[in-house]
Amino acid sequence: MTDVLLSESRRTDPATWWRQAAVYQIYPRSFADANGDGLGDIPGVVSRADYLAELGIDAVWLSPFYPSALADGGYDVADYRNVDPRLGTLEDFDRMIAALHERGIRVIVDIVPNHSSNLHPWFQEALAAGRGSAERERYIFREGTGENGEQPPSDWGAAFGGSAWERVEDGQWYLHSFATEQPDFNWDHPDVRADFLRTLRFWSDRGVDGFRIDVAHMLTKDLTEPLPSRAELEGLPHDGNHPLSDRDDVHEIYAEWRRVFNEYDPPRTGVAEAWVSTPERRARYASAEGLGQAFNFDLLVADFDAAQFRTIIADNLAQSAASGSSTTWVLSNHDVTRHATRYGLPALEGRPVKQGVEWIKAGGPEDWIDREQGLRRARAATLLLLGLPGSAYLYQGEELGLQEVADIPADRRQDPAFFRGGEFDGFGRDGCRVPLPWTAAGPSFGFGEAEAHLPQPASFAKYAVDVEAADPDSTLSLYREALRLRRVLQTDEQLEWTETGRADVLSFVRPNGWRVVTNFGTAPFDLGADASRIVLGPVDAGSLPAESTVWIAPAGR
Ligand code: NOJ
């Protein structure tokens, strides 16, 4: 039956391909290592192009691959228009674009505009040129407070711990919202604005289809003195006038970017990483005059819970209908505990995603986690998500049901969040960035010839691609089949809820008659006549088992 259904696959308009795309996030340093130095690279992506095609995704999003000292996993960029020599060359990048485009896979790259690396030539020039120089104006330098300026300009904290200000040799201070090695740009400066337009054109000219914008809500700042204190900042509303976050004036930047995107045919696309207070504020980033789309992290920070899922889905679909963009769904990325692990841990009420943080901080005790449950729920949540209108962002390794690695020794860890604390509370993000297992045997499980840059546990063998590809019941087989069928299911961007008589069972129908049912509970759910039309997911004697999702084809076939 599925082949008949597949003949009705959606045709995508090249200008709006992103609206319901399945986008696969590659964290390049941990995907595949072609040159055997222990670090993933761009030729590694090329070597796995067939794998990506077979998976059935529409696009890849590459986390930063630019030259970087890796103070923050590549989000400290030293040169925005180049490839880190450890990861390859621009020619390798062109070969990668060609290999992916040949297979119908589009490419999104990460743009990090809030801050550069402290090794960026502009920052080095600013340090050398000294106080009062034009070079310092591209960043945010201030005199300190206290008798001799020995105190920072304000008591603001950095996301990775400590003060948000760092003192330089001549006594001035610069602002860094993240790591010390990530100085914030001054977005009032015309050079900064012009240089990012150049970067967008540089990659667009090389054939990149779109951009993911890092902390898109933080670029513009009102640093009128006296600077508010941290406590004062916390008390201010996020209404577009907050001095540091989600300011209305940031959209002037994205309107300019949109004009650049629209110089291309088809227009380039953008997706904002914007941690803002409401779906309404998020919609501003997703407007057609702005970036076009914004990440919706609501499911990522939700428990495996029918009521939470239903509210989040309904709110976001209503919001996207009002804004004209399509919504995005995410369960995992390079910043959070993998969802197959998260869902196996007891929920911490009111502290979304924090159960993973607490577990990792405790060293990953095995008696806290039910790994089978985690994987079962992860598969159910993913199938539900892939059945929703909008686009789905998948993180490398989740298609294998890969688990978070909790017990990485401190001397092998890389994430500044682990060493410096801050908002991340001593939680390292290395555990979701451990290189992928491609084969059950061999050095670094087929990731490359050398030991991987982050240690892989022995348990990775059972998640290896070659093991899962040979098993029709594996998570990989499930993702492949879901992504194949998704091309039929994703037509009109709507759904209608069908009542199930059970608070822990969600069911919705898409306009073309496809139905998705998820049982969040522990008691089986009777599917009645629909049981005969299941094309994906488990069924047991006509019932939907606990913690699982099925896709049901339209009646009359
Ligand atoms: C968000 C990125 O996803 C994260 O990995 C990074 O540390 C911060 N932005 C700072 O660039």
Side-chain angles (χ1 to χ4, degrees), residues 23-31 61-78 80 84 108-120 123 139-140 156-162 164 166 175-185 187 196 199 211-219 221 244-246 250 270-276 282 285 291 294-297 300-301 328 330-338 353 356-357 393-397 404 413-434 454:
V23 184
Y24 181 85
Q25 182 189 356
I26 291 183
Y27 188 76
R29 292 174 174 86
S30 297
F31 184 67
W61 145 34
L62 291 159
S63 278
F65 49 81
Y66 314 108
S68 167
L70 300 183
D72 179 21
Y75 284 88
D76 46 321
V77 180
Y80 288 87
D84 187 328
I108 294 176
V109 299
D110 220 308
I111 295 289
V112 191
N114 178 66
H115 43 264
S116 71
S117 156
N118 58 342
L119 301 178
H120 189 286
F123 193 73
Y139 291 90
I140 300 169
W156 303 345
F160 296 139
E166 181 74 5
L175 180 71
H176 60 90
S177 299
F178 292 87
T180 323
E181 298 87 343
Q182 291 169 298
D184 283 31
F185 278 120
W187 271 90
F196 273 92
T199 296
F211 301 93
R212 177 262 187 193
I213 317 304
D214 192 64
V215 290
H217 57 298
M218 288 178 62
L219 276 45
K221 297 173 177 89
L244 297 184
S245 177
D246 190 24
V250 78
V271 56
E273 187 216 19
W275 290 90
V276 296
R282 182 157 66 225
Y285 295 82
L291 293 172
F295 281 125
N296 149 21
F297 293 119
L300 178 145
V301 297
T328 59
V330 189
L331 291 170
S332 277
N333 65 28
H334 65 297
D335 288 333
V336 298
T337 311
R338 286 185 174 280
V353 242
V357 178
Y393 282 79
L394 311 172
Y395 177 51
Q396 68 176 39
E404 182 82 10
R413 287 196 176 262
Q414 302 171 8
D415 183 8
F418 178 80
F419 300 103
R420 306 177 197 178
E423 265 170 35
F424 293 85
D425 200 14
F427 157 63
R429 298 167 296 171
D430 296 311
C432 61
R433 301 176 181 182
V434 174
L454 283 167

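Order of appearance sets the numbers: ligands from 1, and atoms from 1 within every ligand. Just so it is clear, the model here is predicted, and its values are computed rather than measured.
- Considering backbone and side-chain atoms alike, Tyr75 places every N or O at 3.5 Å or more from each N or O of ligand 1.
- The closest donor-acceptor contact from the side chain of Ser332 to the backbone of Tyr395 lies at 3.5 Å or more, if one exists at all.
- Proximity of Arg433 to ligand 1, defined as any heavy-atom pair under 4.0 Å, is confined to the side chain (atoms from C-beta onward).
- No heavy atom of Met218 sits closer than 4.0 Å to any atom of ligand 1.
- If you number the atoms of ligand 1 from 1 as listed, the ones under 4.0 Å from a heavy atom of Asp335 come out as 1 (C), 2 (C), 3 (O), 4 (C), 5 (O).
- Look at Arg420 and Asp415 and you find no salt bridge, because none of the NZ, NE, NH1 or NH2 atoms lies under 4.0 Å from a carboxylate O.
- Note: Tyr75 and His334 meet the aromatic proximity criterion, with ring centroids under 6.0 Å apart.
- Shown in contact with Arg212 at under 4.0 Å from a heavy atom are these atoms of ligand 1, numbered in order with element: 2 (C), 3 (O).
- Counting heavy atoms under 4.0 Å from ligand 1, residue Tyr27 does not touch it at all.
- Using the six-membered ring where Trp is involved, Trp61 and Tyr393 have ring planes that are perpendicular, over 60° apart on the 30 and 60° scheme.
- Close approach to Phe160 involves these atoms of ligand 1, each under 4.0 Å from a residue heavy atom: 7 (O).
- A salt bridge does not link Asp246 to Arg282: none of the charged nitrogens lies less than 4.0 Å from a carboxylate oxygen.
- Every atom of ligand 1 with a heavy atom of Arg429 under 4.0 Å away is listed here by number and element: 4 (C), 5 (O), 6 (C), 7 (O).
- Ring orientation note: the planes of Phe185 and Tyr80 are tilted relative to one another, at an angle of 30° to 60°.
- Set against the non-hydrogen atoms of His334, the atoms of ligand 1 under 4.0 Å away are 2 (C), 3 (O), 4 (C), 5 (O).
- The backbone N or O of Val77 sits nowhere less than 3.5 Å from a side-chain atom of Ser68 that would complete a donor-acceptor pair.
- Atoms of ligand 1 found under 4.0 Å from any heavy atom of His115, numbered from 1 in the order shown, are 10 (C), 11 (O).
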